[in-house]
Amino acid sequence: MIDEAPDAYLRSLIRDVPDFPQPGILFKDITTLIRDREGFRLVIDAIAGAHRDVAVDVVVGIESRGFMFAAPVALHLGAGLVPVRKPGKLPARVISRAYTLEYGENVLELHADAITPGQRVLVVDDVLATGGSLEATIALVSALGGVVTGVAVVIELAFLGGRARLGRPDLHAVLTY
Ligand code: AMP
């Protein structure tokens, strides 16, 4: 039950896991947030509420934890849902983008026909760390002619400088650490 401010309540639901997936990383675990019905509702309402006044055709979620938030947000906003996935997961023709993670390297892919030119896109992920995943995703959407009208994350790790790297005034974080 919520017996404190929503922000404090949401913070209390996020589990810090030290040294995962490798030494030195303090992993922000959102599974303890989404298993809580009040917490899950609060966080989806916060993201959807922040974008209610911006027309959105498609919500793009980033594999895999981004999907857990992108799907309910898309339903709330009356938008479609498009997954950005790790290599080899999407079955049809894709476009790809390589990027650097807080811990390692990765490639993200988007179906080449997933977004049509001029569609208005909200990009959603769980955590903004260095910003590499979001930067690559925004580039993929833009390469298809999509117009990114918003970027939303549940958690921003401000000390990693992702916000500056992305340079997007429309970046919305529910919680900032
Ligand atoms: P980045 O591309 O560096 O912004 O990393 C963002 C992606 O990596 C997100 O999709 C997160 O799921 C994951 N991630 C990076 N660092 C963390 C962290 N400290 N805790 C939880 N997830 C993280």
Side-chain angles (χ1 to χ4, degrees), residues 7-36 39-40 42-44 46-48 50-51 58-74 81-90 94-111 114-115 121-143 146 148 150-177:
D7 184 272
Y9 183 66
L10 288 174
R11 281 173 198 274
S12 76
L13 294 173
I14 290 163
R15 173 164 56 192
D16 284 347
V17 183
D19 301 319
F20 182 89
Q22 63 186 50
I25 302 291
L26 181 63
F27 193 84
K28 294 287 183 191
D29 179 17
I30 51 80
T31 66
T32 41
L33 164 65
I34 62 174
R35 78 176 181 203
D36 182 275
F40 194 33
L42 277 172
V43 78
I44 297 305
I47 297 172
H51 298 90
V58 168
V59 177
V60 167
I62 306 177
E63 179 163 3
S64 57
R65 289 178 295 275
F67 298 165
M68 301 170 187
F69 301 97
V73 166
L81 177 67
V82 166
V84 159
R85 300 208 61 182
K86 290 170 184 158
K89 303 283 188 186
L90 291 169
V94 297
I95 59 170
S96 305
R97 190 96 181 183
Y99 69 103
T100 311
L101 269 177
E102 187 186 3
Y103 40 83
E105 292 238 312
N106 208 351
V107 174
L108 286 175
E109 295 186 341
L110 175 62
H111 269 147
I115 291 161
V121 176
L122 170 64
V123 179
V124 173
D125 203 2
D126 65 333
V127 174
L128 169 63
T130 65
S133 311
L134 279 165
E135 188 176 58
T137 298
I138 291 165
L140 287 168
V141 170
S142 303
V148 176
V151 179
V153 295
V154 179
I155 296 168
E156 175 184 358
L157 302 178
F159 53 92
L160 291 173
R163 182 177 285 271
R165 176 176 179 173
L166 295 176
R168 294 201 63 103
D170 57 0
L171 171 68
H172 171 248
V174 179
L175 300 171
T176 301
Y177 290 86

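Indexing begins at 1, ligand by ligand and atom by atom, following the structure's order.
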So, is Phe27 polar-close to ligand 1, with some N/O to N/O distance under 3.5 Å? no

Glu63-ligand 1 polar pair, N/O distance under 3.5 Å: no

Residue Lys28 vicinity, atoms of ligand 1 by number, heavy atom under 4.0 Å: 18 (C), 20 (N), 21 (C)

Donor-acceptor contact below 3.5 Å, side chain Thr32 vs main chain Leu13: yes

For Arg65, counting its heavy atoms only, list the atoms of ligand 1 lying under 4.0 Å from any of them. 11 (C), 12 (O), 13 (C), 22 (N)

Test side chain to side chain contact (heavy atoms under 4.5 Å, CB included) on Arg15 and Thr31 and set out the steps. CA-CA 8 Å; Arg15 173 164 56 192; Thr31 66; 3.7 Å; yes

Using distance alone, decide if ligand 1 has a nitrogen or oxygen within less than 3.5 Å of any nitrogen or oxygen in Ile25. no

Show which atoms of ligand 1 fall inside a sub-4.0 Å distance from at least one heavy-atom site of Ser133. 1 (P), 2 (O), 5 (O), 6 (C), 7 (C)

Cation over ring, Arg85 on Phe67, under 6.0 Å and within 45°? no

By number and element, which atoms of ligand 1 are closer than 4.0 Å to a non-hydrogen atom of Asp126? 9 (C), 10 (O), 11 (C), 12 (O)

Ligand 1 to Tyr99 polar contact by distance, N or O atoms, under 3.5 Å: no

Pick whichever of Leu166, Asp125, Thr130 has a heavy atom sitting closest to atom 1 (P) of ligand 1. Thr130

In ligand 1, which numbered atoms sit nearer than 4.0 Å to a non-hydrogen atom of Gly132? 1 (P), 2 (O), 4 (O)

Heavy-atom pair of closest approach, residues Ala74 and Leu81: CB-CB, 4.4 Å

Contacts of Arg97 that satisfy side-chain contact (heavy atoms from CB on, under 4.5 Å) - sequence neighbours left out: Ala136, Ala139, Leu140

Heavy-atom contact under 4.0 Å between Ile62 and ligand 1? no

When every non-hydrogen atom of Ile62 is compared with those of Ser133, the smallest separation belongs to CD1-O, 4.0 Å

Between Gly131 and ligand 1, does any nitrogen or oxygen pair lie at a separation below 3.5 Å? yes

Under 3.5 Å, is there a donor-acceptor pair between the side chain of Asp126 and the main chain of Gly66? no

Have a look at ligand 1 and work out which part of Val127, if any, has a heavy atom under 4.0 Å from it: side chain, backbone, both or neither. both

Between the main-chain N or O of Glu156 and the side-chain N or O of Arg163, is there a donor-acceptor pair closer than 3.5 Å? no

Pick one: which of Val43, Val127, Val174, Leu33 meets side-chain contact (heavy atoms from CB on, under 4.5 Å) with Ile155? Val127

Would you sort out whether Glu135 and Tyr99 count as a side chain to side chain contact (heavy atoms under 4.5 Å, CB included), showing the intermediate values? CA-CA 8 Å; Glu135 188 176 58; Tyr99 69 103; over 6 Å; no

Looking at ligand 1, does any of its N/O atoms fall within less than 3.5 Å of an N/O of Ala129? yes

Can you tell me which portion of Leu157 lies within the under-4.0 Å heavy-atom range of ligand 1? Options are side chain, backbone, both, or neither. side chain

